[in-house]
Amino acid sequence: MIEITTTSPLHHFPGGIHPPEQKALANQTPIQRLPLAPMLYIPLRQHAGLAGDLCVEVGEQVLKGQALTRPGVDNGLPVHASTSGTIVAIQDHPLNHPSGLSGPTLYLQPDGKDQWLEHQPIADLSRVSHRDILVHLQMMGIAGLGGAGFPTARKVAGAQGIDLLIVNGVECEPYIVADDRLMREHAAEIIRGSRLLQTITAAKQVVIAVEDNKPEAIAAIEAALNEGNTSDSNLMLRVIPTRYPSGGEKQLIQVLTGQQVPANQLPADIGILVQNVGTAYAVARAIDHGEPLVERVVTITGQALTQPGTAWVPLGTPIEHVLNASGFQPSKKQRVIIGGPMMGYTVASLQVPVIKTTNCILAPTSTELAPPEHEMACIRCGACEQVCPASLLPQQLQWLAKAKDYDGLKQHHLADCIECGACAYVCPSEIPLVQYYRQAKAEIREQLIEQQKSEIARQRFEARQARLEREKEERLEKHRKAAEARKAAQAARADSGEDDPVKAALARVKAKKAAQQAAEPASESTDAPVDDKKAQVAAAVARAKARKAEREAAPAQADDDKKAQVAAAVARAKARKAEREQAEQAAAKQEQKDGEQS
Amino acid sequence: MSFFIASSPHSHQKRTTSRLMQLVLLAMVPGVLAQFYFFGWGIVWQLLIAAITAVSAEALCLAARERSPLRGLQDYSALVTAALLAVSIPPLAPWWVIVIGTLFAIVVVKHLFGGIGHNIFNPAMAAYVLLLVSFPVQMTSWLPPVTLSGDTVGWWDSLRLILMQFTSAGYSVDQVSAVETGQLFDAVVMATPLDQIKTDLAQGMTLSESLNKPIFGAFAGHGWLWVNVAYLFGGLLLLQQRVIQWHIPAALLGSLAVAAIIGSIAAPDYLPGLNIHLFSGGTMLAAFFIATDPVSAATSNRGKLLYATLIGVLIYVIRSFGGYPDAVAFAVLLANLCVPVIDQYTRPQAYGQAGGRR
């Protein structure tokens, strides 16, 4: 049982760093509204999980807040139209993701009217079933806005009857001020959302946690608590010391309660649920106003911008539009980072859209955040270990990752690394430690998949072998049975006195022999049959010889034929010639005769 | 336009390895100045010879290993090794002593084990041990501090002594020492206070008799006290700059102090006390500059405490009962050997591995 009071001691997590905060760049001005982008790119998948099923077609007119997908096979979250307009295309578009890959995206061309679909708020929570509340949160597309984008309804469903709900307003990452500004301007709604989440989860206590580098936000929350007279022992504000990464879920739990979430377990397993202040706000809007999640506060910061600040950005707005509206002046080797300088990722294309998890767009100059330099050798200085909030040995992990010693990595609990980047931040040799860990994690994951695959293949092979073996045995068994049946039948026949066919055959042969032997004395007296046989044999031999001679003669005959034909032709020609000569001679004689006669 | 892709974190603390090594070199300046003051020009020449040798050897080794010598030399680690060895050897030792030592440190102890970050032994200390067992005479011929002799060898004579083993007047190191000390000591130079105690005890004197010799002041050995104070000051600078953590110096000095107190209570006539142990020989140099070498030290905080405690105890044991007057190098090397085991058994428990509720 966890119980926290406003005075209960705060705890420490090991390690941590104090990078330059740089929050004043963007938190001095109220949250603005930028002009609407000419085209919104709404990816089908914006949360942790699979994309939903499309429920609009190209050319369809949609209203603001209209669901464009519905929960798909894994019962995930729908996405909604961030403004009214026309769906002009559904095709692959660069995703807002470290991979830089493209994915299915709805192209929404705003009509400029920003016309809402009719809102469907829940007026009284007590009249709606618990299940329906969760379905409502799901259909409103509410995901964790702190970073991972886990579907809120699912997270809440897994944390019923908990001891402690922590509403996370720590925002420890440098530069990011989205939650800071939201707390300053919408403290009452954040408290309302926290109450709603408390009701839904039946949490015994709610603690709103804020780092002490946000005095205005702290004052705003305090004022809202006092004003609404809602401050009681069940809902309180705790201010925690500024230290990166105290806003990490596990670290915040440790700071507030002194407890650690056991490895491979969830905070809910120790009776705790952590939700971001932005999520609490979104929950309040979804339940009280029936507004789905179609926009969020985005920090737009960095010294490559002339007007940094925060803005309500409709989901799907390309970051190019956001940056240009803030006076973006890119330089050579410009980096654009989604998220903060510690855990954010760079994007290659400015066409990637703002999505539910985009809390910051950071465009630093190269003097502000120096690009990575040449990696030097590790000198085992141990600075990384001093700052690791998970009490890992980053330097050993680095050796192991480079050596691809996956067993060693598991032994050193690589899986517990939260990739906060504190180790790489302090490394004097500028070793990109987190990069090595990510790669090793991916390789381990791949290896695991390969192992599973080969395991399945092995099982299939063994099953097949077993089947073949079984079939062979069955076959042998069948043969054995058939043989037995035959033997049994034979035995039965023998018993019943019937003749065995073999014996019968033997008997017949014997009988024949006997008959021959009986006839032999007669044949000895006269040689005729023997001579007859000899004559027959001689005749057969003669026939065979004749056939052989014939076969041999056949080609020769063919040759002779040809020669004969030629000879015949020649003979015919000679004969004709002779005839002609004879005829001429006869004619000449006749003429002579005729002449003599005349 | 195309945008630059990089892996997080994008923010870095601008505290590079080169900068750390430079700070170590800077923090050695007070100690070097103290040695210069008490023992004369020799240390300057030794530092110079060691630095030249180390940089050349490092460059050649890097080239032979097909790495960029320019980039490799930028980390200043070779210079730190050279400096640590140069301040450890007698100031007027012949040039080939420091050259052999530096070459051994850089080529064998460092690069044959895989270069920076991969050596299991502290290069300077391994080289020191090699020199001590190979050239015991040269390695124990320390000059008496200037406060006793009243005069030091000039820069030119120092260089001649180091390079040619004779001064312009034709004296050798032993003779210089004898002349300069006005025959205060025996003909053979008994250099360091620790060495003096060891010899005296071996000759049957009691500790207090030995401590009454002129080489000792009221608190500790003449000159050596201030050299140690200067290194302590430099070490505190390193701590203040967060180049090193407190664990190793505290554990080393603490364990040495505890051992010295226990020893002096148990055998006051034979075992020197806290003051002698902490402010003689290379104690402070070891505690802040040598044992803190991250490459050859244990990693985790608990490991560092254990590692340095081991060094402190070993220093005491070898100084008191071993055959050599000072023991830093042996103690550090022995502890280096234990580092893998220490690291294995002092791993901190990772987050969430305790299992269940507290």
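Throughout, a chain's letter reflects where its sequence line sits, starting with A, and its residues are numbered from 1. Just so you know, these numbers use all the heavy atoms, side chains as well, and skip hydrogens, waters and symmetry mates.
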Under 4.5 Å from any heavy atom of chain B - which part of [X]:
{"X": "A:C378", "result": "backbone"}
{"X": "A:E368", "result": "neither"}
{"X": "A:Y425", "result": "both"}
{"X": "A:M376", "result": "side chain"}
{"X": "A:Q435", "result": "both"}
{"X": "A:I379", "result": "both"}
{"X": "A:Q395", "result": "side chain"}

[X] [atom1]: over 12 foreign heavy atoms closer than 6.0 Å:
{"X": "B:F121", "atom1": "CZ", "value": "yes"}
{"X": "A:Y345", "atom1": "OH", "value": "yes"}
{"X": "B:R65", "atom1": "CZ", "value": "yes"}
{"X": "A:H12", "atom1": "NE2", "value": "no"}

Counting heavy-atom pairs under 4.5 Å with chain B, which one of [options] comes out on top?
{"options": "A:P389, A:A390, A:A422", "result": "A:A390"}
{"options": "A:C381, A:G382, A:A377", "result": "A:C381"}
{"options": "A:V347, A:V336, A:I17", "result": "A:V347"}
{"options": "A:L392, A:V426, A:N264, A:I418", "result": "A:V426"}
{"options": "A:Q386, A:Q396, A:M343", "result": "A:Q386"}

So which heavy atom on [X] is nearest to which on [Y], and how close?
{"X": "A:K250", "Y": "B:Y351", "result": "O-OH, 2.8 Å"}
{"X": "B:A6", "Y": "A:R335", "result": "CB-CD, 4.3 Å"}
{"X": "B:S7", "Y": "A:R438", "result": "OG-NH1, 3.0 Å"}
{"X": "B:P348", "Y": "A:S391", "result": "CG-O, 3.7 Å"}
{"X": "B:A350", "Y": "A:H413", "result": "CB-CD2, 3.7 Å"}

Side chain, backbone, both or neither of B:N301 within contact of chain A (heavy atoms, under 4.5 Å) =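 B:N301 touches chain A through backbone and side-chain heavy atoms alike.
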query = So which part of B:I116 gets closer than 4.5 Å to some heavy atom of chain A, the side chain, the backbone, both or neither?
reply = both
task = Decide whether A:E430 and B:H12 meet the rule of one side-chain donor and one side-chain acceptor closer than 3.5 Å.
result = no
Name each donor-acceptor pair under 3.5 Å that joins a side chain in residues 328-347 of chain B to protein atoms two or more places apart or in another chain, with its distance.
from   : atom 1 : to     : atom 2 : distance (Å)
B:N336 : OD1    : B:N122 : N      : 2.9
B:N336 : ND2    : B:S296 : O      : 3.1
B:N336 : ND2    : B:Y307 : OH     : 3.1
B:N336 : ND2    : B:V332 : O      : 3.3
B:D343 : OD1    : B:T299 : N      : 2.9
B:D343 : OD2    : A:R380 : NH2    : 3.4
B:D343 : OD2    : B:T299 : OG1    : 3.2
B:T346 : OG1    : B:S300 : OG     : 3.1
B:T346 : OG1    : B:I342 : O      : 2.7
B:R347 : NH2    : A:Q411 : O      : 3.1

query = So how far is it from A:E173 CD to B:S11 OG, rounded to the nearest 0.5 Å?
reply =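 It is 9.0 Å, given to the nearest 0.5 Å.
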query = Backbone N or O of A:G344 within a donor-acceptor pair of the B:H10 side chain at under 3.5 Å?
reply =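 Indeed, once roles are kept as given, a pair shorter than 3.5 Å links the two residues.
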key: Contact check, side chains of B:S8 and A:M342, non-hydrogen atoms, under 4.5 Å   = no
